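So the structure is just underneath, and the comments pick up after that.
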Amino acid sequence: MKPLIAGNWKMNGLSNAIAEVEALIAKFDGSAPDDRDVLICPPTTLVAQFAAAFSDEAIQIGGQDCHVNVSGAHTGDVSAQMLADVGAAFVIVGHSERRADHAETNELVQAKATAALKAGLTPIICVGETEAERKAGHALDVVGEQLKGSLPETRDEFVIAYEPVWAIGTGLTPTNDDIAEVHAFISGFAPDGVRILYGGSVKPSNAVEILAIKNVDGALVGGASLKADDFYPIVMAAPSN
Ligand code: PEP
């Protein structure tokens with residue numbers, strides 16, 4: 001499977017941050033290697049600018065969330081169709097920060113993933129346990145429940161990201177065995193061809209190790225995707241298949 005390395009910029013970046021993407025592309029000598037997919041999900045304000053600027057560059061652009069509806073009275077929201085209209089190819093749904101900050105349920109995440117597919121976007125559906133759930137030995141149960149509730153019912157192309165909540169932005173990561181266990185478990189739920197990304201404190205220093213784990217088909221990277229100097233070695237750490 002072609003690895004996917006995705007950067008989630010969260011609520012970071014003004015229009016001048018395009019320089020970081022240009023710096024990344026310069027490191028690739030103009031175009032990302034075609035044996036891996038490279039995706040940047042900037043804040044919504046930058047999606048159209050980035051998608052227009054990099055349409056020829058083998059770097060794809062995605063959103064960080066979408067509404068379940070195509071349009072309507074939903075102040076402040078953006079629909080999947082709007083993201084697709086300005087050139088996005090992917091959208092993250094069900095990130096743990098949205099599940100926590102906006103009380104997003106599995107049912108809502110599933111509806112967002114379905115809306116994304118209808119708009120022609122590939123949803124990246126995030127799941128992952130909290131620290132307390134892992135300590136109590138419930139990581140697989142929690143991830144299993146999230147998958148059952150959040151995955152779209154259609155067999156269209158989607159991506160799953162396993163992101164233990166306690167590993168996001170903390171510098172902590174599960175052991176390689178724990179990552180392998182959860183990814184093997186997720187691959188039992190996922191239709192063939194679905195890529196399963198690992199996310200949570202992926203850095204240049206641990207990317208080679210993590211991306212070599214069985215059933216890890218790429219990474220969803222937060223903090224370390226903001227700077228080309230950090231993101232480039234992570235992109236290049238993915239083994240080519
Ligand atoms: C994320 O927010 O999806 C993430 C994985 O963040 P970080 O890499 O900063 O832990």
Side-chain angles (χ1 to χ4, degrees), residues 3-13 17 20-21 24 36-44 46-47 50 60-66 83 88-102 104 109 112-113 116 121-131 133-134 139 142-143 146-147 150 158-176 178-179 182-183 186 195-211 213 215-238:
L4 168 63
I5 308 297
N8 171 17
W9 280 20
K10 311 192 188 197
M11 199 172 72
N12 295 292
E20 283 303 326
V21 190
L24 180 68
R36 62 209 60 219
D37 288 329
V38 184
L39 168 69
I40 292 181
C41 300
T44 310
L46 300 181
V47 169
F50 283 17
Q60 304 190 75
I61 301 300
Q64 298 176 10
D65 178 51
C66 64
L83 293 170
F90 288 78
V91 63
I92 299 168
V93 295
H95 191 281
S96 59
E97 288 154 13
R98 293 213 54 96
R99 288 179 186 262
D101 295 353
H102 300 273
E104 294 197 359
V109 174
K112 289 184 174 199
L121 299 178
T122 302
I124 300 176
I125 303 155
C126 301
V127 296
E129 80 286 357
T130 63
E131 186 177 22
E133 288 162 344
R134 174 154 287 275
V142 170
V143 168
Q146 289 175 333
L147 291 170
S150 309
F158 59 86
V159 175
I160 298 170
Y162 168 55
E163 297 209 306
V165 177
W166 53 274
I168 294 179
T170 58
L172 303 172
T173 51
T175 64
N176 292 351
D178 286 342
I179 294 175
V182 180
H183 277 245
I186 294 174
R195 290 181 284 193
I196 307 169
L197 313 185
Y198 169 77
S201 295
V202 177
K203 309 275 177 228
S205 55
N206 61 18
V208 170
E209 206 183 324
I210 290 173
L211 288 163
I213 298 170
N215 294 312
V216 173
D217 306 310
L220 181 54
V221 184
S225 68
L226 291 169
K227 293 279 167 222
D229 284 347
D230 294 328
F231 196 45
Y232 175 74
I234 298 174
V235 171
M236 298 316 287

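Both ligands and their constituent atoms are indexed starting at 1 by order of listing. None of these values were measured; they are calculated from a predicted model.
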*Are the side chain of Arg99 and the backbone of Glu104 linked by a donor-acceptor contact shorter than 3.5 Å?*
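No; zero donor-acceptor contacts below 3.5 Å.
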*Would a distance-only check, ignoring hydrogens and angles, find a side-chain to backbone donor-acceptor pair under 3.5 Å from Thr130 to Val165?*
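A pair under 3.5 Å: no.
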_Interatomic spacing from OH in Tyr162 to CD in Glu129 - rounded to 0.5 Å_ =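 Tyr162 OH to Glu129 CD: 3.5 Å, rounded to 0.5 Å.
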What is the nearest protein non-hydrogen atom to [atom], stated with its residue, atom name and distance?
{"atom": "atom 9 (O) of ligand 1", "value": "Gly223 N, 2.9 Å"}
{"atom": "atom 1 (C) of ligand 1", "value": "His95 NE2, 3.2 Å"}
{"atom": "atom 3 (O) of ligand 1", "value": "Glu163 OE2, 2.7 Å"}

Please list, in number order, the atoms of ligand 1 under 4.0 Å from a heavy atom of [X].
{"X": "Gly200", "value": "5 (C), 10 (O)"}
{"X": "Leu220", "value": "3 (O), 5 (C)"}
{"X": "Asn8", "value": "1 (C), 2 (O), 3 (O)"}
{"X": "Lys10", "value": "1 (C), 2 (O), 6 (O)"}
{"X": "Ala167", "value": "10 (O)"}

*Could an N or O of ligand 1 be found under 3.5 Å from any N or O of Lys203, whether backbone or side chain?*
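Min N/O separation from ligand 1 is not below 3.5 Å for Lys203.
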*Report yes if some N/O of Gly222 lies less than 3.5 Å from some N/O of ligand 1; otherwise report no.*
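In this structure, Gly222 places an N or O atom under 3.5 Å from an N or O of ligand 1.
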*Would you tell me which option among Ala219, Gly169, Pro164, Ser225 has the nearest heavy-atom contact to atom 10 (O) of ligand 1?*
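Shortest heavy-atom distance from atom 10 (O) of ligand 1: Gly169.
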*Tyr198 and His183 aromatic ring geometry - parallel, tilted or perpendicular at 30°/60° bounds*: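 Rings of His183 and Tyr198: tilted, as their planes differ by 30° to 60°.
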*Stepwise side chain to side chain donor-acceptor pair (under 3.5 Å) test for Glu163 and His95*: CA-CA 8 Å; Glu163 297 209 306; His95 191 281; 3.3 Å; yes
*Sequence-distant partners of Trp166, ring-ring contact (aromatic ring centres under 6.0 Å, His included), two or more places apart*: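 By the ring-ring contact (aromatic ring centres under 6.0 Å, His included) rule, Trp166 matches no residue at all.
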*Any side-chain donor-acceptor pair under 3.5 Å between Thr122 and Arg195?*
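No - no donor-acceptor pair under 3.5 Å links their side chains.
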